[in-house]
Every structure is written in structure tokens, then in C-alpha cells.
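A short worksheet on the structure shown next.
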Amino acid sequence: MALRLYDTKTASTRDFEPLEPGRVSLYYCGATVQGRPHVGHVRSAVAFDLLIRWLEASGYDVLSVRNVTDIDDKILEKSEASYGADYLPSADYPAEEPWFALAYRFEQAFHEAYDALGVRRPRCEPRATGHMTEMFELMRRLIDAGHAYPASDGSGDVYFDVRSWPQYGELTRQSVEDMQDAPDADPRGKRDPRDFALWKGHKEGDPESASWDSPWGRGRPGWHLECSAMSTKYLGSTFDIHGGGLDLRFPHHENELAQSAAAGDGFARFWLHNGMVTYEGEKMSKSVGNTISPQEMLEQARPKAVRYFLGQAHYRSQLDYRPGALQEAEAAVERVESFLDRALPESFSLRPQRHLPDAFREAMDDDLNVPAALAALHEAVRAGNTALDAGDSAAAEERGLEVAAMMSVLGLLEVPEPDLSSGPAAAALETLIEAQLAERAEAKSAKDFASADAIRDRLTAAGVQIEDTPAGATWSLTKGGA
RNA sequence: GGUGGGGUGGCCGAGUGGCGAGGCAGCGGCCUGCAAAGCCGUAUACGCGGGUUCGAUUCCCGUCCCCACCUCCA
């Protein structure tokens with residue numbers, strides 16, 4: 001069975017064949033770096049990381065591009081606020097800060113969050129501010145083709161002419177007539193309220209550093225233009241996959257598609273959108289206050305458990321967070337890991353191509369059906385544990401290799417963990433615990449169970465869990481080793 | 001008003017015209033000195049009302065409710 005993906009534009013699941021055999025070109029929208037990452041950002045990143053990993057496991061060379069929007073209204077507002085009279089320092093905005101420093105600071109915060117969850121970097125990560133000439137060129141093409149125009153009010157704005165492009169709305173299957181009027185419908189120099197800005201003329205009070213000279217005057221780019229310009233620059237005028245969060249479908253992706261198609265580019269062949277993250281059924285939003293940040297999640301559970309949680313629902317489904325969800329994910333992850341610890345030797349070589357069970361492949365090929373893939377994973381764990389119980393270590397190792405291969409494809413094998421296994425403190429801890437376990441073993445062999453249990457209780461209370469196995473007692477730290 | 005997506009057992013979450021994925025939690029058993037881990041077993045599940053069908057959670061019609069997008073949003 002070949003890979004099938006759901007394409008938002010055609011609203012159907014289709015066989016995926018890349019434009020160029022063996023190579024996949026993928027562009028997905030990253031963040032506007034105006035604040036710390038929230039859970040939705042990392043969910044999206046995990047979803048596309050998963051897609052890339054599966055494409056690679058399927059033998060494709062994937063050229064992945066993810067943008068950084070480092071200039072926009074919000075970034076300028078946040079920076080400007082830090083110089084305001086009523087500015088109060090906060091954890092996220094601790095000091096006066098130029099817009100470009102603010103953007104770069106949060107760009108790094110995003111990298112930290114992605115890294116913490118084992119989201120691999122894309123192979124290219126272009127910034128909007130570095131692609132002015134590409135944007136000018138696209139604007140030129142649109143104006144020449146009669147699909148864009150400089151504003152009539154002398155503002156220096158340049159707009160896309162929605163009425164000149166009959167296909168406008170094709171991505172989300174909406175007609176311009178049926179669209180709700182924007183509450184802030186300020187026609188300014190627009191021909192139609194639906195026209196959107198390709199270029200925003202420089203305004204009095206905006207920092208000089210936040211504007212560039214263009215053939216249509218000094219200013220800065222509109223939001224959508226960068227993605228059209230950068231995706232085609234690095235991936236070509238037609239490329240395989242364009243992705244992002246479901247909330248980007250409109251207006252962002254609709255506008256990108258309109259711009260690029262009107263300029264004559266083939267643009268994306270597949271549009272993939274991941275679902276939103278909700279908090280007990282409601283979309284997380286700062287104004288409602290029902291948010292949980294990636295950092296808070298990482299305080300509650302191990303990074304691997306957080307990643308498991310973020311990836312466990314189908315990528316197009318809404319992912320609901322509720323208190324306790326991370327602990328459940330942690331239990332599931334630990335079940336898998338404890339099996340791997342028992343089933344696999346110290347070192348082993350992994351060949352995913354050979355060790356992935358068919359059920360897992362079929363699930364992933366079916367529009368990345370991760371829940372079904374996880375069922376295959378847990379089934380292999382169960383079968384492996386049964387083999388271990390029966391003393392069949394060869395069969396257990398075979399299942400172990402399967403489980404490791406699946407975990408690897410899911411990006412769960414190499415999520416960085418807090419380092420508890422090295423350093424002087426860890427060595428001291430190990431010496432102390434081993435001494436306690438030796439004492440307990442002695443008490444047990446003397447049938448002095450009261451003493452043996454007292455030692456175990458003491459260790460348990462200290463956060464050290466003891467398990468007796470035929471080969472002797474083993475220990476592990478509970479609760480992520482906090 | 002327009003456009004999409006949903007309502008599945010205590011919770012999460014796949015899926016299918018007929019043999020009840022998977023995880024978490026619970027209960028019973030095996031194992032264990034006792035535990036832990038593991039294994040086995042265990043649930044009148046598919047919003048509501050009709051219809052099609054030998055048979056519908058799955059298809060059709062109606063209906064109720066929820067969510068998202070149409071404004072910055074992953």
C-alpha cells in the first residue's frame with residue numbers, strides 16, 4: 001500500500017506521488033516570533049516532524065522548509081509597548097527591546113521548545129526579513145498581470161486584487177460574496193474590502209529599521225507574501241506539500257494560493273493542515289486564560305511523554321488537553337520503555353525498513369494514522385512481554401527490534417531526557433542505592449522480610465522504585481526523576 | 001449568514017455494513033514471602049428519531065448539540 005494523504009484543497013484523501021521521484025519538497029508554516037511558543041505551535045511541529053520521518057522511512061529524500069516570520073504588526077507592537085510610559089516588565093517581556101531583538105529572542109525560544117521535544121530542524125529555515133527582493137519580484141509579477149495594485153490613497157500600501165482572481169476562495173471553498181464582513185472593514189485605498197496587503201507602506205512612528213525601500217515606496221511586507229516568495233524560491237514554482245495549522249487555512253493559505261497562482265506558479269500540490277489543541281474542549285486562548293505552555297507540560301512530565309501526548313491523536317483531529325492527560329501518556333511510554341529495557345541487549349542495530357510491522361506501515365500510509373500505528377506498537381509490546389514471560393528471549397528481542405523501529409519512526413526513541421545517568425551525583429546515588437539493595441537481598445535470603453520491606457519502603461518514599469526480577473532487584477527513579 | 005469538522009464504553013482515541021483497535025483507569029485471576037512489573041480474563045460503546053438492509057455504530061433522511069474558520073493565530 002502506498003502513502004495516501006488528505007489534501008485540504010480537494011477535501012479528499014489521495015495517493016501521494018512526489019513531483020520528482022524519490023524526492024519530496026515540503027514547506028510548512030512556522031511561527032510569528034512575537035512571544036513564547038504555545039502548545040499549538042509544538043503540536044504542529046510534532047505533526048510535520050512525524051510526516052517527515054515517515055516520508056524518510058518510506059525512502060524519500062525530503063527537502064523541508066519552515067519559515068520564521070520575524071516582521072509583523074504584533075512584533076512591532078510588543079516592542080513598541082516595551083518603550084511605552086505604562087510598560088510593566090514581565091517574564092516574557094522583561095526589558096525595553098528593539099523589534100528585531102525581540103523577534104530573535106523568541107525565535108530561539110521556539111528552537112528550545114522544538115529541540116526539547118525531539119522535533120528535528122527543517123533543512124532550511126528562512127526568515128521573512130531576508131527575502132525582500134524575492135517579494136518585490138512576486139509583487140512585480142502580480143502587478144504586471146493585473147492582479148495587484150498600489151493603494152489609491154498614497155499610503156504606500158500594495159494590495160492583491162481579489163476581484164481580479166475568480167478562483168479566490170478555492171482552498172476553503174468559500175465565495176467572496178458569502179464572506180462575513182470584517183469588523184474592522186477599513187477600505188482605505190482598497191478596491192474591495194477583501195483585498196489584502198502585499199506591502200504595507202511605512203507609517204509615521206514605525207521604526208526606520210522596520211522598513212525597506214521597495215519600487216512602491218518604503219514599507220514592510222504583508223504577512224502572506226513571504227510564504228509565497230520563500231516557498232517557491234527554495235522548492236520551485238510547484239512543490240509537493242504545503243502545511244500548517246488548520247487556522248492558517250484562511251486567510252493565510254488562501255491568500256498565499258491566490259498570490260502564487262495569480263502570478264502563474266503551480267504552487268503546492270497537497271495542502272495538509274493539523275488540528276487545533278483544545279483545553280477541555282475549548283480552543284486555548286490567552287484571553288480566556290485556558291492555556292498550558294510547553295514549558296508547563298515539561299514540568300509535569302518527561303519530554304518523551306509530552307511528545308507522545310502531542311502525537312497520539314490523529315494529526316487532523318482536535319487534540320484535547322485535560323489535567324492528567326500527560327500522566328496517562330507517561331504511563332504508556334514507560335510501559336514501552338520497560339519492555340525495551342528487558343527485551344533488547346545493550347547495543348543493537350536498528351533497521352526500520354526491516355523491522356516495521358505491516359500493520360504499522362499500513363496505518364502510517366493511511367494519512368498518518370498514528371492512533372492505529374500506536375495500536376500496532378502496543379500489540380508488539382504485549383507480544384514481546386508474553387515472550388519474555390515464557391523465557392523466549394529470541395522472540396522477545398525480535399519484538400523489541402520492532403518496537404524500537406516504530407518508536408524511532410515516531411520520533412520517540414531519541415527524545416532528549418534530563419541527564420540522570422552520569423556525573424558525580426548520579427554515581428553517588430547509584431552507589432548508595434546499590435548498597436541498600438545488597439542489604440535488602442541479604443535480609444530477604446535470611447527470610448527477614450520486615451527488614452527487607454523497610455528498605456524498600458524507604459527507597460520508595462525517596463522516589464526510587466524497586467522491581468524484583470529473577471536476575472535480582474532493579475531500581476528506577478519515579479516521576480521523571482524530578 | 002457562509003465554509004468545514006465532530007458527537008464511540010469511567011477518560012482519551014481509531015475504525016468498520018455482520019467476527020467489540022489501542023492506551024489510561026477499574027475489577028477478578030496467575031506470578032510474587034508481600035509488592036512492583038508482566039501475563040490472562042473482564043464492559044447491555046457508538047447523540048436522538050425515522051428509513052434502506054437478512055443485518056447499521058458504519059449508508060440515506062430528519063433532528064439536537066459541540067467545535068473550528070470567515071479578524072491576528074499552529
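In the text below, chain A, chain B and the rest are named by the order of the sequence lines, each starting its count at 1.
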Distance in angstrom units between [X] [atom1] and [N] [atom2], rounded:
X	N	atom1	atom2	answer
A:E337	B:A37	CD	C1'	14 Å
A:L374	B:C24	CG	P	11 Å
A:Y279	B:C12	OH	C1'	16 Å
A:H253	B:U3	NE2	C1'	17 Å
A:D72	B:A74	CG	C1'	14 Å
A:Y321	B:G13	OH	C1'	17 Å
A:L459	B:A36	CG	P	17 Å
A:W475	B:A36	CH2	C1'	16 Å

Is the phosphate of [N] approached by [X] (side-chain N or O, under 4.0 Å from OP1 or OP2)?
X	N	answer
A:R36	B:A74	no
A:N369	B:A14	no
A:R382	B:C40	yes

Indicate, with a heavy-atom threshold strictly under 4.0 Å, whether [X] touches base, sugar-phosphate, or nothing.
X	value
A:E379	nothing
A:Q174	base
A:G40	base
A:S317	sugar-phosphate
A:D468	base
A:R43	nothing
A:G324	nothing
A:V277	base
A:F250	sugar-phosphate
A:R316	nothing
A:K447	nothing
A:H252	nothing

Legend entry - Centroid separation A:H253 to A:H224 less than 6.0 Å: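 Centroid separation for A:H253 and A:H224: 6.0 Å or greater.
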
Legend entry - Output field: ring centroids A:H242/A:Y28 closer than 6.0 Å: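 Here the rings of A:Y28 and A:H242 have centres that are no less than 6.0 Å from each other.
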
Shortest side-chain distance from [X], nucleotide among [options]:
X	options	result
A:M276	B:C72, B:A74, B:C70	B:A74
A:Y308	B:G23, B:G13, B:C34	B:G23
A:R335	B:A36, B:A68, B:G23	B:G23
A:A313	B:A35, B:A14, B:C39	B:A14
A:H378	B:G38, B:G22, B:G13	B:G22
A:A332	B:G23, B:A74, B:C12	B:G23
A:R456	B:C34, B:C70, B:C24	B:C34
A:E467	B:G33, B:G4, B:A36	B:A36
A:N385	B:G38, B:C72, B:A68	B:G38
A:D453	B:C70, B:A74, B:C34	B:C34

Which nucleotide, in any strand shown, forms a Watson-Crick or G-U wobble pair with [N], with both distances under 3.5 Å?
N	value
B:G1	B:C70
B:G33	none
B:G41	B:C27
B:A56	none
B:U16	none

[atom1] atoms of [N] and [M], separation to the nearest Å:
N	M	atom1	result
B:U8	B:A21	C1'	12 Å
B:G10	B:C48	P	13 Å
B:G7	B:C11	C1'	16 Å
B:C60	B:C70	C1'	30 Å
B:U42	B:A36	C1'	22 Å
B:G6	B:U58	C1'	15 Å
B:U63	B:A25	P	43 Å
B:A37	B:G26	P	10 Å

Legend entry - Face-on cation placement of A:R316 at A:Y6 ring, 6.0 Å and 45° thresholds: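 The answer is yes; both the distance and angle limits are met.
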
Inset, instruction - Is it possible for you to check whether A:R14 lies under 6.0 Å from the centre of the six-membered ring of A:F270, through NZ or CZ, and within 45° of that ring's axis? - result: yes

Inset, instruction - Look at the side chain of A:H273 against the base of B:A74 and say whether a donor-acceptor pair falls under 3.5 Å; ignore hydrogens and angles. - result: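 By the distance-only test, no, there is no pair.
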
Under a plain distance cut-off of 3.5 Å, with no hydrogens placed, do [Y] and [X] share a side-chain donor-acceptor pair?
X	Y	value
A:T460	A:Q465	no
A:Q436	A:R458	yes
A:H38	A:Q295	no

Legend entry - Parallel, tilted or perpendicular, as decided by the 30° and 60° cut-offs, for the rings of A:W271 and A:F267: tilted

Inset, instruction - Classify the angle between the aromatic ring planes of A:Y168 and A:F160 as parallel (below 30°), tilted (30 to 60°) or perpendicular (above 60°). - result: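 A:Y168 vs A:F160 ring planes: tilted.
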
Legend entry - First encountered from the 5' end of RNA chain B, between A:E328 and A:Y6: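 Its nearest nucleotide being more 5', the pick is A:Y6.
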
Legend entry - Contact nearer the 5' end of RNA chain B, comparing A:F48 with A:D389: A:D389

Inset, instruction - Check each of A:D73, A:D72, A:D157 against A:K200 using the salt bridge (Lys or Arg N to Asp or Glu O under 4.0 Å) test, and report the only one that passes. - result: A:D73

